[in-house]
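These values consider heavy atoms only, across backbone and side chains, with no hydrogens, waters or symmetry-generated copies.
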Amino acid sequence: MEDQEWIAGKHSLLEALRAGRTINKIWIAEGAQKHLTQPIISEAKNRGIIVQFVDKRKLDQMAPGLQHQGVVAQAAPYAYAEVEDLLARASERGEVPFLLILDEIEDPHNLGSILRTAECTGVHGVIIPKRRSAAVTATVSKTSAGAVEYVPVARVTNLVQTMEQLKEAGVWIVGTDVAAKEEIYGGGKIFTGPAAIVIGNENKGMGRLVRETCDVLLKLPMSGQLNSLNASVAAGVVMYEVLRRRRGEG
């Protein structure tokens, strides 16, 4: 799987093509609706990518478990960014760094939705650990609705070390924790300066060392009975709060 990756679905594939991903070959189901496949066929033609029409069952075999809408492509593996690239992206845009650190998010659908919201809220990049974390796969790409092509993801060996490096670069590390005393709606200029928001694992939250390395811990106010929101929903609330604060400042 490492040396190739499957992209399934019209939207994901079009975004990948437009973002300049290296696509090796495209397979389209015979009898797939023209309005779905036409934009893909013309993009592929412009880029000299081979398109082959096959029986739909072949696509089911190639991309098992993926809703491919009659379109499957084989792409070069996902190119992870370096943490430096994420900070460089902020300075190229003349913006204050806004990063996301995901401490062992395991569900690819959660990772996909987080990337989708990250793209909408202007996050400069997402950092994930190499171990015990969902990687960027076809499912993630599909759930992110193509956002994976626009939000760089860096994969690091040691999350705590990376957090220390970010601190040295002047980035505030803000952890989200249900046990925190302060709520994210509190005062302070914490979100308007260079910030990296840490979202913990779906069940366990942040790891102990990761929690201890944060500069500040904040929680989402909960008025219901359930103690924890879905990780991607919680991440979304925090990302929009950062966006809101920054707009207010700007």
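Side-chain heavy-atom separations under 4.5 angstrom define the hydrophobic clusters, and the remaining members of the one that includes V160 are V83, L86, L87, L99, I101, I127, V156, L159, M163, L166, V171, I173, V198, M206, L209, V210, L217.
R21 and E5 are joined by a salt bridge, as a carboxylate oxygen and a charged side-chain nitrogen come within less than 4.0 angstrom of each other. With respect to E241 and R244, a salt bridge is recorded, a charged nitrogen being found less than 4.0 Å from a carboxylate O.
Both I114 and V237 are members of a single hydrophobic cluster when ILVMFWY side chains are connected at heavy-atom separations under 4.5 Å.
Y240 has its side chain within reach of T117: a pair of non-hydrogen atoms, C-beta onward, lies under 4.5 Å apart. Taking the side chain as every heavy atom from C-beta outward, I7 and S12 approach each other to under 4.5 Å. Contact check for L13 versus V72: no side-chain heavy atoms found under the 4.5 Å cut-off. When side chains are defined from C-beta on, V140 counts as touching L115, because their heavy atoms get closer than 4.5 Å.
The side-chain hydrogen bond (donor to acceptor under 3.5 Å, both in side chains) pairs that include a residue from residues 89-103 are E95-H124, where partners are two or more places apart or lie in different chains. Listed by first and then second residue, the salt bridge (charged side-chain N to carboxylate O under 4.0 Å, His left out) pairs that reach into residues 106-132 are E104-R132, sequence neighbours excluded.
With hydrogens and angles left out, the side-chain atoms of K25 and Q52 include a donor and acceptor closer than 3.5 Å.
Residue-environment remark: CD (Q67) stays at or below the threshold of 12 foreign heavy atoms within 6.0 Å.
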